[in-house]
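These numbers come from the heavy atoms of this one structure, side chains and all, not from hydrogens, waters or symmetry mates. Quantities reported herein were computed from a predicted structural model and do not represent experimental measurements. Index from 1, following the sequence.
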Amino acid sequence: MAGRAVRAVRGAVQLERDEAGHMEEQVVELLTAMLERNGLTPDDLISIWFTATPDLHSDFPAAAARKIGIVDVPLICAQELDIAGAMPRVVRILAHVESDLPKSGISHVYLGAAAALRKDIAQ
């Protein structure tokens with residue numbers, strides 16, 4: 001589609017506990033909110049990076065995306081840097097998408113306590 005550009009959409013959520021079912025629930029909520037707030041569908045996704053803080057061990061965050069039908073998009077998980085004093089139990093998402101929105105029109109989604117991570121861009 002002419003006029004569509006590659007954009008990056010950020011998001012994060014802090015988990016209450018390191019448990020696979022809880023991680024899946026929270027990552028699905030975050031990813032769904034990122035898509036909805038930006039008027040995106042899974043067909044608009046190019047790739048997604050998931051990161052988790054070093055204190056999360058129960059599951060791969062990307063597994064949640066597969067469970068909601070995002071199956072033909074490259075996904076990768078990585079560990080965040082282990083920085084003293086950093087917020088614990090955080091999953092972050094960086095999604096590369098095709099969108100008609102200008103960069104300034106992208107809604108970055110930081111749920112719950114994770115909103116404190118990026119007050120400058122959280123919506």
Side-chain angles (χ1 to χ4, degrees):
M1 178 185 285
R4 290 173 57 91
V6 175
R7 300 288 182 230
V9 184
R10 292 282 318 265
V13 64
Q14 183 182 40
L15 305 185
E16 294 174 14
R17 59 194 175 279
D18 183 21
E19 180 182 281
H22 179 61
M23 178 181 290
E24 178 183 333
E25 172 187 286
Q26 293 297 298
V27 172
V28 165
E29 180 180 350
L30 176 59
L31 191 51
T32 300
M34 291 171 65
L35 293 173
E36 288 176 355
R37 293 184 195 181
N38 289 287
L40 300 167
T41 69
D43 287 339
D44 298 317
L45 294 168
I46 297 169
S47 64
I48 305 174
W49 279 84
F50 296 85
T51 65
T53 50
D55 52 1
L56 294 174
H57 307 280
S58 62
D59 202 358
F60 293 100
R66 298 289 185 222
K67 290 184 179 177
I68 61 168
I70 299 174
V71 296
D72 61 351
V73 175
L75 308 177
I76 192 165
C77 295
Q79 189 176 81
E80 282 288 331
L81 295 174
D82 191 8
I83 303 297
M87 184 179 287
R89 300 177 317 281
V90 175
V91 174
R92 291 173 174 86
I93 297 176
L94 174 62
H96 298 99
V97 303
E98 289 183 300
S99 174
D100 296 323
L101 294 172
K103 286 181 186 178
S104 62
I106 296 293
S107 293
H108 303 284
V109 181
Y110 290 76
L111 299 179
L117 294 170
R118 289 299 305 264
K119 293 178 185 174
D120 57 326
I121 64 171
Q123 296 182 14

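What you find for Tyr110 and Ala115 is that their closest heavy atoms are CB-CA, 3.6 Å. In terms of heavy atoms, Asp72 sits closest to Arg66 at N-NH1, 4.2 Å. Between Pro61 and Cys77 the shortest heavy-atom distance is CD-SG, 3.6 Å. In plain terms, the two heavy atoms of Ile70 and Leu75 that are nearest each other are O-CD1, 4.4 Å. When every heavy atom of Met34 is checked against every heavy atom of Val9, the shortest pair comes out as CE-O, 3.3 Å. Nearest heavy-atom pair across Ala65 and Phe50 is CB-CZ, 4.0 Å.
Within the 3.5 Å criterion, the main-chain N or O of Gln14 finds no donor-acceptor partner in the side chain of Arg89. No donor-acceptor distance shorter than 3.5 angstrom exists from the side chain of Asp44 to the backbone of Val97, with no hydrogens or angles considered. Within the 3.5 Å criterion, the main-chain N or O of Pro54 finds no donor-acceptor partner in the side chain of Asp82. When atom types are taken as modelled, the side chain of His96 and the backbone of Leu45 share no donor-acceptor pair closer than 3.5 angstrom.
Linking Ile, Leu, Val, Met, Phe, Trp and Tyr residues whenever their side-chain heavy atoms come within less than 4.5 Å leaves Ile106 and Trp49 in two separate clusters. By the rule that hydrophobic residues join a cluster once side-chain heavy atoms approach within less than 4.5 Å of another member, Val28 and Ile48 end up as members of one cluster. In the hydrophobic clustering of ILVMFWY residues, with side-chain heavy atoms under 4.5 Å counting as a link, Val73 and Phe60 come out apart.
Among Val13, Leu56, Leu117, the single residue meeting the side-chain contact (heavy atoms from CB on, under 4.5 Å) criterion with Val90 is Leu117.
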Would Leu101 and Arg7 count as a side-chain contact (heavy atoms from CB on, under 4.5 Å) if you check the C-alpha gap in whole Å, the side-chain angles of each, and the deciding distance to 0.1 Å?
-> CA-CA 8 Å; Leu101 294 172; Arg7 300 288 182 230; 5.5 Å; no

Derivation of the side chain to side chain donor-acceptor pair (under 3.5 Å) call for Thr53 and Asp55 | CA-CA 5 Å; Thr53 50; Asp55 52 1; 2.5 Å; yes

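Interatomic distance, CD1 of Ile68 versus OG1 of Thr32, reported as 4.5 Å (0.5 Å rounding). Distance check: Gln26 CD to Leu111 CG gives 7.5 Å after rounding to the nearest 0.5 Å. With rounding to the nearest 0.5 angstrom, the NZ atom of Lys67 is 14.0 Å from the CG atom of Leu31.
The pair Glu80-Arg92 counts as a salt bridge, with a side-chain nitrogen and a carboxylate oxygen less than 4.0 angstrom apart.
Counting only heavy atoms from C-beta outward, the side chains of Thr51 and Gln79 never approach each other to under 4.5 Å. Side chains of Val109 and Leu30 form a contact here, defined as non-hydrogen atoms less than 4.5 Å apart. A 4.5 Å side-chain heavy-atom check between Arg4 and Ser99 finds every atom pair outside the cut-off.
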